[in-house]
Amino acid sequence: MSLDALLSAFVTLLLVVDPLGLVPTYIAITDGLPAALRRHVAARACIIAAVVLTGAAIGGDWLFRLVGITLPAFRIAGGLLLFSIASEMVFGLRIERQSKAAEQAIEEHVRNIAAFPLAIPLMAGPGAITATVLLAGRDIGNPAALTLLVGVIFVVLAICYAAFLAGGRIGKALGITGNVVLSRLLGVLLAALAVQYVIDGIRAVLAG
């Protein structure tokens, strides 16, 4: 992989994953968690997203062809799942942590939100997976180029982690009222993003 191709891959994934754009969502879905658990959510989400995108780089195209899944279908499914989370944020229906077995409830909540929706489909969503599969497809049969692409994935997700850590301080500055307002507003934006995923998927199916 040439330097130009390496920079192209980095910029492409950075723009698609959009670490800064994910910070408000991270603040909203981790609202109410202690600082240590917020960091744990950030780290866990980044690790999960790294595994997913690395898998997409190595065998995503082969797997999709094997099971007969098209990228438009994946985009539609991701949009529908994301919409369910967005609706919970808008109407304040997110799971509340109970005083009984509080530690267990919080731990389960952390595992859930780190995997979905933060890692999938926000960080390693249809757009990022599609971009990764396409970037990997440019250098099929070139292990060195594939290794560099995986390295780019890890660098982008490390930037995500750093952005999330900075975002925690922003959430503290907003306070309770600010976080509630932000959560509702972001729920609407996420719902719109989810609908856009579905529209793009349907448009690609019709065009094909």
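Just so it is clear, the model here is predicted, and its values are computed rather than measured.
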Which pair of heavy atoms, one from A194 and one from F83, lies closest together, and at what distance?
CB-N, 3.5 Å
Main-chain N/O of R38 paired with Y26 side-chain donor or acceptor, under 3.5 Å:
yes
Listed by chain and number, what are the side-chain contact (heavy atoms from CB on, under 4.5 Å) partners of T147, not counting sequence neighbours?
none
Any link between L14 and V11 through a network of hydrophobic side chains (Ile, Leu, Val, Met, Phe, Trp, Tyr) touching at under 4.5 Å?
yes
Single-linkage hydrophobic cluster, 4.5 Å side-chain cutoff, Y161 and I153 together:
no
If you group Ile, Leu, Val, Met, Phe, Trp and Tyr by side-chain heavy-atom gaps below 4.5 Å, do L157 and F154 land in one group?
no
Supply the atom-to-atom distance C46 SG to I159 CD1, rounded to the nearest 0.5 angstrom.
11.0 Å
Working to the nearest 0.5 Å, report the span between CG of L148 and CG of N142.
8.5 Å
Roughly how far apart are L118 CG and N112 CG, rounded to 0.5 Å?
12.5 Å
Pairwise distance CG(L135) to CG(L149) - rounded to 0.5 angstrom
5.5 Å
Where the side chain of R44 meets the backbone of A115, is there a donor-acceptor pair that is under 3.5 Å apart?
no
Excluding sequence neighbours, so at least two apart, what forms salt bridge (Lys or Arg N to Asp or Glu O under 4.0 Å) with R203?
D200
All heavy atoms of L122 vs all of T25, minimum pair found to be CD1-CG2, 3.4 Å
For A114 and V41, the nearest pair of non-hydrogen atoms, with its separation, is CB-O, 3.8 Å
Taking all non-hydrogen atoms of both residues, which atom of I29 and which atom of I113 are closest, and how far apart?
O-CD1, 3.5 Å
At what distance, to the nearest 0.5 angstrom, does CD1 of I120 lie from CG of L53?
8.5 Å
For the student: nearest non-hydrogen atoms of P19 and A163, plus distance:
O-CB, 4.2 Å
For A119 against A45, the heavy-atom pair lying closest together:
CB-O, 3.5 Å
Treating Ile, Leu, Val, Met, Phe, Trp and Tyr as nodes and any side-chain heavy-atom pair under 4.5 angstrom as an edge, say whether V16 and F164 lie in one connected cluster.
no
Verify, without hydrogens or angle tests, whether S8 (side chain) and D4 (backbone) share a donor-acceptor contact under 3.5 angstrom.
no
Count I, L, V, M, F, W, Y as connected when their side-chain heavy atoms are under 4.5 Å apart, and connections chain through other members. Are L13 and V51 then in the same cluster?
no
